[in-house]
Each structure stands twice: as C-alpha cells, then as structure tokens.
Protein chains: 2
Amino acid sequence: MTKGKRVSPEVRARVLDAADALGYRVNALARGLQGQQSNLVGVVASRLDTPFRALQVRTLAQKLLREGMNPLLLVADAGEDIRALIQNILAYRLAGVIVTSDTPSPDVIEACNRAGVPVVMINRGPAATGTDTVCMDLGAGGRAAFEMLSGGGVRRFGLLAPAQETYSVTGRTRAFVACCEEAGHTVLRLASDGQSHASGKAACAALQAEITAGRIDGLFCATDLLALGVLDGLRHDRGVDIPGTLQVVGFDDIEQASWSAYALSTVRQDIADQAGAAVELAMKRLADPERPFETRTFGLHKVFRGTTRGHAGQSNAQKGPSGEQRR
Amino acid sequence: MTKGKRVSPEVRARVLDAADALGYRVNALARGLQGQQSNLVGVVASRLDTPFRALQVRTLAQKLLREGMNPLLLVADAGEDIRALIQNILAYRLAGVIVTSDTPSPDVIEACNRAGVPVVMINRGPAATGTDTVCMDLGAGGRAAFEMLSGGGVRRFGLLAPAQETYSVTGRTRAFVACCEEAGHTVLRLASDGQSHASGKAACAALQAEITAGRIDGLFCATDLLALGVLDGLRHDRGVDIPGTLQVVGFDDIEQASWSAYALSTVRQDIADQAGAAVELAMKRLADPERPFETRTFGLHKVFRGTTRGHAGQSNAQKGPSGEQRR
DNA sequence: CTGAAAGCGCTAACAA
DNA sequence: TTGTTAGCGCTTTCAG
C-alpha cells in the first residue's frame, strides 16, 4: 500500500481489490506514528466567512487534497485562544502549516518552528523568521490604485483603511500615499473600524462631510468589502453620485465587486494563483527540507468598472500576463 | 496529560509547565492509534466559496474546535473524486463526519457507515440510513415565501430554481408550489442552470419576457444568490421596477441580501444555530454511540426588506423565537 | 502510589 | 522475492 513501493500492477490491483472487499484501509494514525509525520496540513485562517478568505481556503483545500494532503482547518478569529489551538493541531505531527490569518500572531509561527513544522505564509510580512512566503507586490498595488484614480481626473485623494492595519493593508496603503505625495497631492485619511461591509458603511457619515466640504473627489478603500459598504452608504443611502462626485477604487476583486449593482473598479489579486503557489511551496519544502526559503511575489491587475472614470488602456499593473515573479 | 485523570492541581500545573519548557506535547497520532480513534472530525462541504457555505463551515469549525475536536476539511465539489477522498480521511479514524455538501453522494455516508464512523447531515434527506440530522422545516419555508409574496398582492407567481435540484431546494420549492395551488394560483416555473449569482442573471432574459407578457408579478428564487443575480439582471441592467413591477423573495438570508443595493426580502435560515446543533449531535453520539438517531428541525423567519410590498406583521414563519423544534 | 509491560497498526530493515 | 522483527509514543493493566 505504501506509495513508492514497486509491485507488479497486476498484484497491486489484486491486493487493492481484496482490501476493498475486506473493508481494510491503512491506518493513517499508525502510519504517521511510525513515519514521524502525518499527511495533515494545518490551514490557519481568520474571518473565513468573508468572500476573499472563503475562496482562498477553498482553493487551498482543493490543491492540498490533490497533492494527497488533508487540510486541518484552524479558524483564528479574535477571541479564540490561538496559542492553545495551534498546540492542539501540532500534536498531529503536521506535514506543514499554511497561514493566511490576518493576525499570524507570531505565536503561531514560533510554535511551528519549535515543533519543526514548516510554515508557508500568504500575504504576511517578509519571512524574517524562516518561512516560505507568498505575497503580492504591495508597491504595485498602491500604485495601481493611485493610477486608476488619478487617471480618472481625481485631484483630492482620500483613503479609507482600518485603524488597526494588517501587514498587507499597511503595505498597499503606504504605497498609495507615497504615490499621491510624489505626485504632489496630499491625501485625506479616514479610519474605519474594520474591513467589513458594515465598517465601510459606518464610515459614510464622515465621508459625506468631507465630500460636501469639497475635500475629496476620489477614494481608495483598502478592501473591496469596505468599498462595497461605502458604495451602499454613499450612493444608495445618501444619493451621492459615483463616479460623478466621488470615484472609488477597491482592492482584491472579490466576486461581489463585479455584481452589476456595484460594478466596483478595483485592483485584483489572484487568489487562486496565490493559493496554488502556497501549496506548491509547501510540497517543495516537504520534498527537500533544506532548501533555501523562497518568496513568490504576484503582480496585480487593474480592473476598471463603473466607479472610476479613467480607463487608461485597461492595462495591468504588471507586464507579464500571469503576473508572477520570483526572487 | 490524559483528560479525565485525577491529579492534584498543583502537580498538574507543574507537569504542564515542565512539558512546556521541554517543548513536549502529546503525540495525537500515538494517542489515537492506541485509543482506536482520533479527535478529528471530517467536514465535507461543497462550494465553499459561497457566502452561505462559508459561514456554515466557519461556524462548524469554530464549534468543533471549542469541543476539542479538529475539523478535517473535505471540499466535495463536482469534479473531485469524492469516493477516494473520503477513504483518505477515513484512514484517520475520524471521530465523526459532518456533511453539508449539496451532493452527499450516498457513497460518502455508506463509506462512513462501513467504517463505523458516525455521520451528521445538515439539510439532507431524512436519515433513512441511520445518521443524525439537522434540517429546516421545508414546508414552512415554502409557505413563508408564498405568504410574503401573496401578502404583497402578488397574483401571478413565478419560481426560479436550478434544473438540477438538491434535497433542500426541492423541498422548499415543492412546498411553495403547493401553497400557490392551494390558494388557486398556478405557478410559472423557470429553470436556472445552477444556484449562483451568474445563474440568476442568466435567467433574466427569459424572466423579462414573462414579465412583459404579463405572466408573473412575483418571483420566488430558491436561493438568495440566485435572487441577487436576478435583481442585478432585472433591476439594474434592464430597468425593471422591483418591487413595483415584480416582487422578489429569496431564501437563506446571506449577508449580501441585506446590503442596501439589494435589500432583498427573504426567508431566513439560521446557519449558526444549525451548525451548532450539528456539532452538538456529533458530540452526543460520541458520548453514547448507541443512542437513537435524532433529527433536529429548525424553523424559518420571514425577513421583509425592499423587494416585496407586504409587511404582514414581520412575523416569523414559526411560533418560537429560536424557531427550533425537536422530534 | 509508583513502575513495568503489553499492544494499538504500521513500515523499514534485515534474514532467509 | 518472502517472512520476521523492532519500534514509533501512547494508555491501560497489572504487579510491586
């Protein structure tokens, strides 16, 4: 039954049939025990009910399954005792852990390191701690947002981002601000209380005040969900003309951004590609634990829809079609 | 370290500290091997990137974790070889399996039965095969949709549902049709090619024809996602007045249904409650494998928003506040 | 109460 | 090629 064993195909088939008839199946627990390792991979994710994360985890799970690995899900939302939970699953001698949580609480990766379990991070800080990493080109992301807005004639830039920023939000946000300032514009910064739709909506009162005061005519929202909330709060509930009075750009390109009622212009990151790269990195490390750590950076694509006025060539933020780079 | 052991709290603390310092942690593989069972629970789900399922799985995972169980995720979308996958995870001597897939391919539950692993089904057919089950009151669901529409003055009823129906869609759909006919109305039935937003949108051409022909003035969509697609295709893209010309009711009450741009009237099923009940049933069976199979039925709530005109008391489809019944 | 030993199901190594 | 054996880390049992 062991994978790499050489048996004549005929015998193999016969054995498999017999096993099936007998209802026998290898005991993965025993196999793992003796082999010092299971084929379980931890997937730690936060806010799983968010469209972005849901797609990410789905893809991750699917690819893992295809590689013969089984995804052990760890929801890492605030309020859970992550330290304890990670210890729990580490007890299964995981083959690896993939982290996509917002708050990768260094605890997690430290615990994994101490247990000798390889970690792959998605959209987290640079791998100071010795992990493989998949990330996007944060600089290009912020720039893309800026260009989409400025290409539409925006002069007074606004930025809406959660007060409590994550690595990836901070990155895109900073790059955006840098671009604006480089172009000689100041940017008006508003803080939301999270990155959900509700948070976006809640920010609209403040937003409207700035609009009527003539202080912004273009807004970059750190997250599509946030942008959608803003659209609902501003366009639908308050009758603000978008993109007439205010142009809006989001980030991620979740499915809902493309729904007609929103038609949100946004900066797309390819979730499926990233997830694929993450499991690929995990498998590679499994095959060769000593290989140098690798980080794969993905490019971003401008997606022009109905909330901006510029359509400068529908170009990508990135030359290559797939938008993947390595270093 | 064993859970039910009696040790003086002082000793326990000391041991735990020492273990921590040494980086020791019980090997769950070994423990499972000797105990004949892991504390892994399989969660088989399809279309994980759908808002409904994402929330369901998130809640499931969370509650499982709280019970000290670890969720092993199995994405069961079409195209995967479910038979093989389920065998794979069964190799881990699961403590149980929770199925929320659309297509619980009897294979899955048969395989579990043969392996002696208890199964809990959510929104699947009655447990002919000996499983615990969580479901909703299908009859009440269809009725609620009918009442919401008829309460708004609808006379010519339409129904949009996937051609290929699942257990739960069939149930609500049938009940809806039965109510219409009982009230002396015929219902115009349209088939979509799935239950996604895109499917709903794709159905709009046909829908518009029926509207202009004066054949429907109220539509029940088997799924919120479908309804949202219809709203986009009809209201936004074709300028149909909703609820003026057509009233629409969805089913599920996913988050997006409440977004201002849609404000979809719908029939709510409480995903979190259902998920909670599912893990509760699983734990109970674990504690007592011999107990009789149980099925918990949940009620549904009418949610009146902007796509209907009747607001008949905002009442629930169900007496009790929680809407839970047992039998 | 503490200590020793058996055995869970598997695979790798070694012997025949 | 086929058959035996040791040992993975744990818990339960039995002896001291």
Side-chain angles (χ1 to χ4, degrees), chain A residues 1-42 67-70 72 84 86-96 111-112 114-118 286-289, chain B residues 1-42 67-70 72 84 86-97 111-112 114-118 286-287 289:
Chain A
M1 308 250 110
T2 308
K3 191 91 158 285
K5 287 296 187 194
R6 23 173 81 190
V7 197
S8 81
E10 191 245 344
V11 175
R12 156 153 283 148
R14 207 136 48 84
V15 172
L16 252 32
D17 282 355
D20 199 47
L22 262 43
Y24 169 88
R25 117 190 62 243
V26 266
N27 185 327
L29 261 21
R31 175 179 277 180
L33 174 57
Q34 103 86 29
Q36 309 285 316
Q37 171 178 107
S38 64
N39 54 122
L40 261 18
V41 172
E67 297 287 347
M69 293 289 153
N70 298 100
L72 205 46
I86 191 80
Q87 296 296 350
N88 256 351
I89 68 170
L90 245 20
Y92 279 96
R93 305 291 124 119
L94 304 183
C112 291
R114 292 210 308 163
V117 175
L286 212 53
D288 173 14
Chain B
M1 307 251 111
T2 309
K3 191 94 157 286
K5 287 296 186 195
R6 21 173 81 189
V7 196
S8 80
E10 191 246 343
V11 175
R12 154 153 284 147
R14 207 138 45 83
V15 172
L16 253 30
D17 282 355
D20 200 46
L22 262 43
Y24 169 89
R25 120 189 60 245
V26 269
N27 185 327
L29 261 20
R31 175 178 278 182
L33 175 57
Q34 105 85 31
Q36 307 286 317
Q37 173 178 113
S38 64
N39 54 122
L40 261 20
V41 173
E67 297 287 347
M69 293 289 153
N70 297 99
L72 203 47
I86 190 78
Q87 296 297 347
N88 255 352
I89 67 171
L90 245 18
Y92 279 96
R93 306 289 123 119
L94 304 182
V97 169
C112 291
R114 292 210 307 164
V117 175
L286 212 52

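Atoms considered below: every heavy atom in the structure, side chains included; atoms not considered: hydrogens, waters and symmetry mates. Just so it is clear, the model here is predicted, and its values are computed rather than measured. To find a chain, count down the sequence lines: A is the first, B the second, and so on, and within it residues start at 1.
Between A:Arg31 atom CZ and C:dT11 atom C1' there is a gap of 9 Å when expressed in whole angstrom units. B:Leu29 has its CG atom 13 Å from the P atom of C:dT11, to the nearest Å. Across the protein-nucleic acid pair, B:Asn27 atom CG and D:dT11 atom P stand 10 Å apart, rounded to whole Å. One interatomic measurement links the two molecules: CZ of B:Arg25 to P of D:dC10, which rounds to 11 Å at whole-angstrom precision.
Remark: B:Asn27 pairs with no residue by the side-chain hydrogen bond (donor to acceptor under 3.5 Å, both in side chains) rule, at least two apart or across chains. Applying the side-chain contact (heavy atoms from CB on, under 4.5 Å) rule to A:Gln34 yields no partners; only residues at least two apart in sequence or on another chain are considered. Residues satisfying the side-chain hydrogen bond (donor to acceptor under 3.5 Å, both in side chains) criterion with A:Gln87, sequence neighbours excluded, are B:Arg25. Residues passing the side-chain contact (heavy atoms from CB on, under 4.5 Å) test with A:Asp288, sequence neighbours excluded: A:Glu290, A:Arg291. With sequence neighbours left out, B:Asn39 forms a side-chain hydrogen bond (donor to acceptor under 3.5 Å, both in side chains) with A:Tyr92.
Listed here is the closest heavy atom pair of B:Ala111 and B:Ile86: CB-CG2, 4.1 Å. When all heavy atoms of B:Pro118 and B:Ala95 are compared, the closest pair comes out as CG-O, 3.3 Å.
With B:Met69 as the partner, the side-chain contact (heavy atoms from CB on, under 4.5 Å) test is satisfied by one option alone out of B:Leu40, B:Leu286, B:Leu94: B:Leu286.
Which of D:dC8, C:dC10, C:dC8 sits closest to the side chain of A:Gln36 comes down to D:dC8. Closest to the side chain of B:Tyr24, from the set C:dC8, C:dT11, D:dC10, is D:dC10.
The shortest distance between the side-chain N/O atoms of A:Tyr92 and the OP1/OP2 oxygens of D:dG9 is not below 4.0 Å.
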message: Both atom distances under 3.5 Å, Watson-Crick or G-U wobble: I'd like the secondary structure of DNA chain C as a dot-bracket string, with | for pairs made across strands.
response: ||||||||||||||.|
- request: Summarise protein proximity over nucleotides 1-6 of chain C in one line of letters, 5' to 3': B for base, S for sugar-phosphate only, - for none, counting protein heavy atoms closer than 4.0 Å.
  value: ------
